[in-house]
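See below for the structure under consideration.
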Protein chains: 2
Amino acid sequence: MILDPIARLRRFNRAVVREAGALDTSFMGRGRPLGAARVLHLVRPEGTDVAMIRAKLGLDSGLMSRFLRALEREHLITTETDPADRRRGIARLTPTGQAEVAAYLAIIHDQASQILTRAGSRADEVLTAMDLIATILNRDQVELRPTDPDAPEAQDCQRAYFSELEARVPHAHAQDFPLPDPDADSYRPPLGRFLIAWSDEMPVACVALKRLDASTGEVKRLWVAASARGQGLARRLMAAIEAEARAMNLRTLKLETNRVLTEAVALYRSTGWADTAPFTDIPADTWLAKAL
Amino acid sequence: MILDPIARLRRFNRAVVREAGALDTSFMGRGRPLGAARVLHLVRPEGTDVAMIRAKLGLDSGLMSRFLRALEREHLITTETDPADRRRGIARLTPTGQAEVAAYLAIIHDQASQILTRAGSRADEVLTAMDLIATILNRDQVELRPTDPDAPEAQDCQRAYFSELEARVPHAHAQDFPLPDPDADSYRPPLGRFLIAWSDEMPVACVALKRLDASTGEVKRLWVAASARGQGLARRLMAAIEAEARAMNLRTLKLETNRVLTEAVALYRSTGWADTAPFTDIPADTWLAKAL
DNA sequence: TATTTTATCTGACAGTAGTCAGATAAATTG
DNA sequence: CAATTTATCTGACTACTGTCAGATAAAATA
């Protein structure tokens with residue numbers, strides 16, 4: 001576009017802050033200060049560690065204590081001491097509290113759909129834009145965590161991976177890859193691993209490892225969301241999955257890919273992977289191996 | 001992408017609010033509450049109407065008065081009564097105040113470039129995404145204002161328009177349209193008009209009107225930024241420029257266009273424009289007229 | 001000209017966020 | 001076991017935001 005980048009960024013900031021301000025007052029719309037509402041949001045019915053909430057919100061212990069007692073007075077939560085460490089507290093949502101959280105979520109949901117309605121025919125574009133911006137802003141906080149390959153988020157990642165393959169690789173068809181994967185056990189300890197990269201609780205990339213024999217593993221399902229590319233996430237995931245493989249005492253890793261996936265192939269080759277004998281069928285046309 | 005739209009929107013909100021929060025505290029980093037800093041930002045060296053600032057920020061008159069006096073005590077502004085209406089106040093930035101505003105801007109600038117740096121190779125994509133989101137959020141506040149055709153923003157719009165033409169219309173070359181336009185007088189009262197659509201002080205669309213003879217005008221330079229499409233802005237601009245033409249006592253409007261600009265042509269035809277005899281050269285291939 | 005409206009100022013007050021110091025009780029460490 | 005650390009609680013305090021009522025002076029209106 002036409003303007004100074006800084007001016008564009010400031011305009012964006014103003015627009016978003018105005019919207020977020022409206023969100024704040026709506027929090028107060030339920031007769032509770034923002035701070036207490038934020039705490040309430042993090043308490044789960046099955047119980048949440050008080051210290052964890054405090055860390056997450058960066059609250060002073062005194063303020064936290066006051067919020068908790070205010071919520072308790074409203075019968076929205078109950079607190080007890082952690083039996084394992086009786087200095088620590090555990091907060092639990094009461095049924096009333098659950099209803100209150102649901103009411104907040106309904107408000108948020110309404111406001112969100114209002115924004116999407118305002119975007120009209122461009123809602124998809126707007127969401128893609130939001131993903132990109134959120135991913136950039138969260139960039140330093142992306143966390144890799146092992147996940148069950150049948151977890152809904154893992155399936156989401158794989159679905160996105162398959163449809164990307166279908167779009168780019170000749171003779172690859174998403175329907176050849178059923179979900180949940182009948183082979184999921186192979187990606188689950190002790191046979192394998194499934195890693196997801198999380199950006200603020202949203203999965204943005206994944207990779208899987210599968211044991212082939214006592215000393216050999218196969219790397220599969222390396223996928224990075226379009227919004228999260230250009231941050232070295234694939235490299236980070238590959239390093240992490242190689243570390244997992246070493247921890248499993250594997251000495252060789254293999255993978256199959258297709259030369260049209262140029263970024264992926266370039267990444268592999270630049271990190272010590274070399275051609276090896278084909279060990280699978282089409283749509284693969286490139287087979288690589290790496291000694292650990 | 002893969003997740004529930006609402007979840008994506010909430011993640012976006014969290015990411016941006018966290019960032020904006022950091023921006024807020026930096027405002028306080030200069031030892032002044034956010035409210036006063038916001039007021040300071042709106043005061044111009046040549047003097048600003050106090051009531052206008054108050055309306056823009058939605059402040060209570062009492063609070064506003066206190067902010068102004070606090071800023072005055074710091075010698076950042078001076079205030080006087082409006083000679084034309086001695087109930088009203090006018091605030092002026094002192095040189096000290098100008099330096100202070102510059103210091104704020106430097107901080108903002110730093111933070112903005114930090115974000116762009118974080119975006120790395122995707123900075124352009126991020127800015128485009130921000131434009132889109134800001135435009136959607138500001139959607140209801142787009143304002144049409146007549147502008148001088150030589151104003152920098154008008155030139156920005158025209159530059160964007162020409163490069164769009166060059167990209168889409170065969171035989172159109174941006175270098176055939178010098179800026180500032182030697183013909184600018186034609187788009188300036190009393191001969192013509194140049195309208196810009198502003199979204200939070202950023203130009204997002206424009207249109208020009210040029211008198212051909214006592215009763216005929218020509219509409220030119222209809223342009224809408226990519227980020228602002230799909231909101232009916234072109235239609236709004238056309239309606240406004242037709243109103244301007246009527247106010248100038250014109251009875252017929254003409255325009256030239258090219259059939260590859262399908263959205264534009266469709267808009268014209270759906271609002272009463274009909275084919276007319278060619279009155280210009282290539283790259284035009286479609287000539288339309290409308291009786292007012 | 002009398003009345004009403006408008007723009008601002010002033011003082012009083014309340015709610016929220018946040019900090020700090022000290023107290024308490026339960027782990028952890030030496 | 002004594003000393004230290006950790007998690008929480010409590011009370012005191014400050015700063016910022018925001019609201020309300022009343023005062024004042026200058027337009028605008030009847």
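A salt bridge is absent between A:Arg14 and B:Glu201: the closest approach of a Lys/Arg side-chain nitrogen to an acidic carboxylate oxygen does not fall below 4.0 angstrom.
Sorted by first and then second residue, the salt bridge (Lys or Arg N to Asp or Glu O under 4.0 Å) pairs involving residues 89-112 of chain A (not counting sequence neighbours) are A:Arg30-A:Glu100, A:Arg32-A:Glu100, A:Glu80-A:Arg92.
More than 12 heavy atoms of other residues, nucleotides or ligands shown are found within 6.0 angstrom of CG on A:Asp82.
Residue A:Arg86 places no side-chain N or O under 4.0 Å from the OP1 or OP2 atom of C:dA25.
At distances below 3.5 Å, not a single donor-acceptor pair connects side-chain atoms of A:Arg10 with backbone N or O atoms of A:Ile6. A:Ser199 contributes no side-chain N or O that, together with a main-chain N or O of A:Met202, makes up a donor-acceptor pair within less than 3.5 Å.
Rounded to an integer number of Å, the gap from CG of B:Leu57 to P of D:dT17 is 12 Å. Atoms CZ (B:Arg32) and P (D:dC16) sit 11 Å apart, rounded to a whole Å.
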Take nucleotides 1-10 of chain C nucleotide by nucleotide from the 5' end and write B, S or -, depending on whether a protein heavy atom sits under 4.0 Å from the base, only from the sugar-phosphate, or from neither. ----BBSBBB
